[in-house]
Amino acid sequence: QVQLVESGGGLVQAGGSLRLSCAASGGTFSVYTMGWFRQVPGKEREFVAVINWRGGTTYYADSVKGRFTISRDNAKNTVYLQMNSLKPEDTAVYCCAARRSIAVATGESEFNYWGQGTQVTVSS
């Protein structure tokens with residue numbers, strides 16, 4: 001069973017930066033597609049970013065493109081989300097997810113494992 005544990009969330013002022021980490025265990029991390037999603041209470045979970053197993057292919061939601069960067073370190077079984085120029089509308093619980101396929105996907109239903117999430121709050 002794959003376990004995903006996020007860290008790095010917190011409170012930051014608008015314009016600031018945070019780096020989220022997601023540590024994976026219990027599976028073959030190096031062949032999983034990894035993604036980040038976020039959710040605000042009362043709203044559906046939203047795709048943020050995805051990275052393929054080698055790290056050479058990434059996709060981003062339009063709302064974060066140019067501000068967020070997803071990366072991974074397969075030697076450390078960890079995926080990262082660097083978030084710059086944060087806005088109040090980025091406030092959400094951020095979850096990482098793993099997909100048991102080397103094919104990249106952005107749909108929530110296409111991911112097999114999920115972390116518990118880490119809260120990111122951006123003050124104006």
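This structure is a prediction, so every number in the text was calculated from the model and none was measured. Any value given below was found using the heavy atoms of this structure, including those in side chains, with hydrogens, waters and symmetry copies removed.
Within the 4.5 Å cutoff, side-chain heavy atoms of Ile51 are placed close to those of Val79. No side-chain heavy atom of Ser7 sits under 4.5 Å from any side-chain heavy atom of Val5. Residues Phe68 and Gln82 are not in side-chain contact: their nearest non-hydrogen atoms beyond the backbone lie 4.5 Å or more apart. Residues Val120 and Met83 have side chains in contact (heavy-atom distance under 4.5 Å, counting atoms from C-beta outward).
For the pair Arg72 and Phe29, the distance from NZ or CZ to the six-membered ring centre is under 6.0 Å and the angle to the ring normal is within 45 degrees.
Distance check, rounded to the nearest 0.5 Å: NZ of Lys87 to OG of Ser124 gives 14.0 Å. To the nearest 0.5 Å, atom OG1 of residue Thr91 and atom CD of residue Gln119 are 7.0 Å apart. Interatomic distance, Ile70 CD1 to Trp36 CH2, rounded to the nearest 0.5 Å: 8.0 Å. The OG atom of Ser21 sits 9.5 Å away from atom CG of Leu81, with the distance rounded to the nearest 0.5 Å.
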>> Please evaluate residues Tyr80 and Asp73 with respect to the criterion side chain to side chain contact (heavy atoms under 4.5 Å, CB included), reporting the C-alpha separation (whole Å), side-chain torsions for both, the decisive distance (0.1 Å), and the verdict.
In response: CA-CA 8 Å; Tyr80 305 97; Asp73 185 338; 4.1 Å; yes

> How far apart are the C-alpha atoms of Asp90 and Arg67, what are their side-chain angles, what is the distance that settles it, and do they pass the side chain to side chain contact (heavy atoms under 4.5 Å, CB included) test?
Replying inline: CA-CA 11 Å; Asp90 293 320; Arg67 300 187 297 121; 2.7 Å; yes

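Counting heavy atoms of neighbouring residues, nucleotides and ligands inside a 6.0 Å radius, atom CD of Glu89 exceeds 12 of them. Heavy atoms of other residues, nucleotides or ligands lying less than 6.0 angstrom from CD of Gln116 number 12 at most. Residue Tyr113 qualifies as enclosed at atom OH: its count of foreign heavy atoms under 6.0 Å is above 12.
Residues Val50 and Trp114 fall within the same hydrophobic cluster, defined by Ile, Leu, Val, Met, Phe, Trp and Tyr side chains chained together at heavy-atom separations under 4.5 Å.
One finds a salt bridge joining Lys65 and Asp62 here, because a Lys/Arg side-chain nitrogen approaches an Asp/Glu carboxylate oxygen to under 4.0 Å.
For Tyr60 against Thr69, the heavy-atom pair with the smallest separation is OH-CA, 3.3 Å.
Under the salt bridge (Lys or Arg N to Asp or Glu O under 4.0 Å) test applied with Arg38, the options Glu108, Glu6, Glu46, Glu44 reduce to a single match, Glu46.
Relative orientation of the Phe37 and Phe111 rings is perpendicular, given thresholds of 30° and 60° on the angle between their planes.
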